[in-house]
Amino acid sequence: MSTLKVKKIFILYGGDSEEREVSLNSGAACYKALEDDGYKKLTLIDTKGDGILKVVKDKPDVCLLALHGGGGEDGTIQGFLDSLNIPYTGSGLVASALAFDKQITKIHFDACGISTPDWRMASDEDEQHLDELKDLLPVVVKPARGGSTIGLTIVKDIKDYMKAVKLAKKYSENVLVEEFIEGKELTFAVVCGSVLPAIWIKPVSGFYDYKSKYTKGATEYLFKLGIADKKLGELNDLALDAYDAVGCEGVARVDVIYTGKKAYVLEVNTIPGMTATSLVPKAAAEVGLSFAQLLEIMLKDALGRAKLR
Ligand SMILES: Nc1ncnc2c1ncn2[C@@H]1O[C@H](COP(=O)(O)OP(=O)(O)O)[C@@H](O)[C@H]1O
Ligand SMILES: [Mg+2]
C-alpha cells in the first residue's frame with residue numbers, strides 16, 4: 001500500500017461563500033474517490049462555523065482543499081494553513097488572493113502581456129454617462145470577487161446596465177465591466193505546470209451561467225475543438241502563461257474565449273470544481289488519469305512542496 005494511503009488527510013469543504021453547495025459536492029466526491037481507492041484516514045471538514053478548529057487540534061498530514069469562493073479560494077485558508085505548517089493542495093496564499101479578485105487579475109494580466117478582454121471598473125458616475133457607455137455594448141458586468149457566474153450579467157441594452165451593476169454589487173464591492181467577446185469558450189486544466197487537453201464548453205442556452213454549469217445535460221463538453229494544431233499549441237501556451245503569471249501551483253483551470261483569430265483569458269480558477277464529472281477530472285480522464293489518480297497527484301505535489309519549504 002502506498003504511504004500516501006495511510007496519511008491523515010483532511011478534505012476541507014463547504015464554507016459559507018455563495019459557492020457552498022458546489023463545494024459540498026466537490027468535497028464529497030473527492031472523499032468518495034479516495035475512499036474507494038483505499039485511503040484509510042480521510043476526514044471531511046466543513047469550514048463553516050467552528051469545523052476549522054479540528055484542523056488546529058488534530059493536525060492532519062495534508063489538507064485537500066475543495067473550497068470554492070470567498071474564505072477558501074481567496075488565500076484566507078491558505079494563510080491559515082501556512083501559519084500551522086500544514087501542507088495543502090493547490091496554489092498558495094498570494095496566487096489564490098490574486099486570482100480570486102478579477103480586478104487584480106486583470107491588472108496583472110495587462111502588466112504581463114496576457115491577452116484579456118478590455119475592461120474597466122463600474123463607477124457610481126456611470127449613471128450620468130449612459131449615452132457614452134452605449135457605444136461599448138454588449139458588455140459583461142461581473143463582481144470582481146466571486147465565481148460560478150453568480151451576479152454576472154451580459155448587458156445588451158443600456159437600460160439594463162445599472163440594474164446589472166446593482167446586482168453585481170450585492171456580491172462584491174468592486175464591479176468589473178468587460179467587453180463581450182463572441183467566440184468559442186475553452187477551458188484549460190493545468191496540473192502542476194502541464195496543460196491537459198482543452199475542453200470546448202457549449203451551453204445549450206448559449207450562456208454558461210450557474211444553471212448551465214451545474215445542471216446535467218445543460219452544456220455540451222467537447223474535446224474535438226475544430227482548431228488547428230499550431231493554433232492550439234499557442235492557446236496552450238497562453239493558458240500556461242496565465243497560470244504562471246498568477247503564480248499558481250498544483251491544479252488550476254484557465255477560462256479562455258477564442259474568436260477564431262484571437263484568444264482572451266477570462267480568469268484563472270485556483271480551486272476548480274472537483275466532482276467526478278467536473279471539467280478538470282474530465283480533462284484528466286482524456287489522458288487516462290482516473291479521478292483518484294488526479295487527486296493523488298495533487299496530494300503528492302502538496303507534500304512534495306512542503307518538504308522543499
Ligand atoms: N468578456 C466576456 N465575454 C464573453 N463571455 C463572458 C465574458 N466574461 C464572462 N463571460 C461568460 O460568463 C462566464 C463566467 O465568467 P467568468 O469571468 O469566468 O467568471 P466566474 O466563472 O468566476 O463566474 C464565462 O464562462 C463566460 O461564459
Ligand atoms: Mg469562470
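Numbering of ligands and ligand atoms starts at 1, following listing order. Nothing here was measured: the structure is a model prediction, and the numbers come from that model.
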K.L.:
Counting each atom of ligand 1 from 1 as listed, which ones have a heavy atom of I181 under 4.0 Å away?
P.N.:
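Selected atoms, number and element: 2 (C), 3 (N), 4 (C).
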
K.L.:
Salt bridge (charged side-chain N to carboxylate O under 4.0 Å, His left out), that's the test. Do D46 and K54 meet it? Break it down for me.
P.N.:
CA-CA 10 Å; D46 186 345; K54 201 165 158 54; over 6 Å; no

K.L.:
Please give the atom name: the N, O or S atom of E267 nearest to the Mg ion (ligand 2).
P.N.:
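This turns out to be OE2.
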
K.L.:
Salt bridge or not for D101 and R145, using N-O below 4.0 Å?
P.N.:
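So D101 pairs with R145 through a salt bridge.
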
K.L.:
Quick one: nearest non-hydrogen protein atom to atom 25 (O) of ligand 1, plus distance?
P.N.:
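Result: E185 OE2, 2.4 Å.
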
K.L.:
Which residue holds the protein heavy atom closest to atom 15 (O) of ligand 1, what is that atom called, and what is the gap in Å?
P.N.:
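It is L152 CD1, 3.4 Å.
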
K.L.:
Is atom NZ of K8 surrounded by more than 12 heavy atoms (other residues, nucleotides or ligands) closer than 6.0 Å?
P.N.:
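Atom NZ in K8 is crowded, with more than 12 foreign heavy atoms closer than 6.0 Å.
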
K.L.:
Are L65 and F80 joined in one hydrophobic group, where the rule is that I, L, V, M, F, W and Y side chains link up if heavy atoms are under 4.5 Å apart?
P.N.:
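In one cluster with L65: F80, yes.
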
K.L.:
Could you tell me which atoms of ligand 1, counted from 1 in the order shown, lie closer than 4.0 angstrom to a heavy atom of G146?
P.N.:
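Those of ligand 1 that fall under 4.0 Å from G146 are 22 (O).
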
K.L.:
Among protein heavy atoms, which sits nearest to atom 1 (N) of ligand 1, and what does the distance come to when rounded to 0.1 Å?
P.N.:
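Answer, as residue, atom name and distance: E178 OE1, 2.7 Å.
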
K.L.:
Which heavy atom of the protein is the closest neighbour of atom 10 (N) of ligand 1, given with residue, atom name and distance?
P.N.:
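Scanning the protein heavy atoms, the shortest distance from atom 10 (N) of ligand 1 goes to L266 CD1, 4.0 Å.
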
K.L.:
List the steps, then state whether salt bridge (charged side-chain N to carboxylate O under 4.0 Å, His left out) holds for E35 with K32.
P.N.:
CA-CA 5 Å; E35 187 183 42; K32 183 172 184 323; over 6 Å; no

K.L.:
Using a 4.0 Å heavy-atom cut-off, say whether D209 meets ligand 1 through its side chain, its backbone, both or neither.
P.N.:
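Looking at D209 and ligand 1, no heavy atom falls under 4.0 Å.
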
K.L.:
Determine, stepwise, if the pair E178 / K102 fulfils salt bridge (charged side-chain N to carboxylate O under 4.0 Å, His left out).
P.N.:
CA-CA 11 Å; E178 246 181 33; K102 291 186 171 78; over 6 Å; no

K.L.:
Identify the closest protein heavy atom to atom 23 (O) of ligand 1: which residue and atom is it, and at what distance?
P.N.:
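Ranking protein heavy atoms by distance from atom 23 (O) of ligand 1, first comes T149 N, 2.6 Å.
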
K.L.:
F10 pairs by side-chain contact (heavy atoms from CB on, under 4.5 Å) with which of L42, D58, L64, V62?
P.N.:
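Single side-chain contact (heavy atoms from CB on, under 4.5 Å) partner of F10 among L42, D58, L64, V62: D58.
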
K.L.:
Of all N, O or S atoms in D255, identify the one at the shortest distance from the Mg ion (ligand 2).
P.N.:
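D255's closest N, O or S atom to the Mg ion (ligand 2) is named OD2.
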
K.L.:
Where on V140 is there a heavy atom closer than 4.0 Å to ligand 1, on the side chain, on the backbone, on both, or on neither?
P.N.:
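Side chain only.
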
K.L.:
Quick one: which of Y210, F100, F207 has a heavy atom closest to atom 11 (C) of ligand 1?
P.N.:
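When every heavy atom of Y210, F100, F207 is considered, F207 comes closest to atom 11 (C) of ligand 1.
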
K.L.:
Nearest heavy atom to atom 6 (C) of ligand 1 wins, so pick from V268, V177, I257, T105.
P.N.:
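Nearest option to atom 6 (C) of ligand 1, by heavy atoms: I257.
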
K.L.:
Hey, which atoms in ligand 1 end up nearer than 4.0 Å to a heavy atom of D255?
P.N.:
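With D255 as reference, the close atoms of ligand 1 come out as 18 (O).
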
K.L.:
Please work out which of E267, K142, H68 has its closest non-hydrogen atom nearest to atom 17 (O) of ligand 1.
P.N.:
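Considering heavy atoms of E267, K142, H68, the nearest to atom 17 (O) of ligand 1 sits in K142.
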
K.L.:
Considering only NZ, NE, NH1 and NH2 on the basic side and carboxylate oxygens on the acidic side, decide whether D301 and R305 come within less than 4.0 Å.
P.N.:
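Salt bridge flag = yes for R305 with D301.
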
K.L.:
Side chains of S148 and H68: closer than 4.5 Å at any heavy-atom pair?
P.N.:
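The answer is no; the side chains never approach within 4.5 Å.
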
K.L.:
Working note: D50 + K57, criterion salt bridge (charged side-chain N to carboxylate O under 4.0 Å, His left out); need CA distance, chi angles, decisive distance, verdict.
P.N.:
CA-CA 12 Å; D50 55 9; K57 204 168 137 260; over 6 Å; no

K.L.:
How does R145 reach ligand 1, by side chain, by backbone, by both or by neither, if only non-hydrogen atoms under 4.0 Å count?
P.N.:
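No part of R145 is near ligand 1 at this cut-off.
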
K.L.:
For L222 versus L225, what's the shortest heavy-atom pair and its separation?
P.N.:
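The pair with the smallest heavy-atom distance is O-CD2, 3.7 Å.
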
K.L.:
What part of S148, side chain, backbone, both or neither, has a heavy atom within less than 4.0 angstrom of ligand 1?
P.N.:
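It is the backbone that gets close, since no side chain atom is under 4.0 Å.
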
K.L.:
Looking only at protein heavy atoms, which one is nearest to atom 22 (O) of ligand 1, and what is the separation?
P.N.:
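Answer, as residue, atom name and distance: K102 NZ, 2.7 Å.
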
K.L.:
Evaluate N269 for polar contact with ligand 1, using N/O atom pairs at a separation under 3.5 Å.
P.N.:
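No.
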
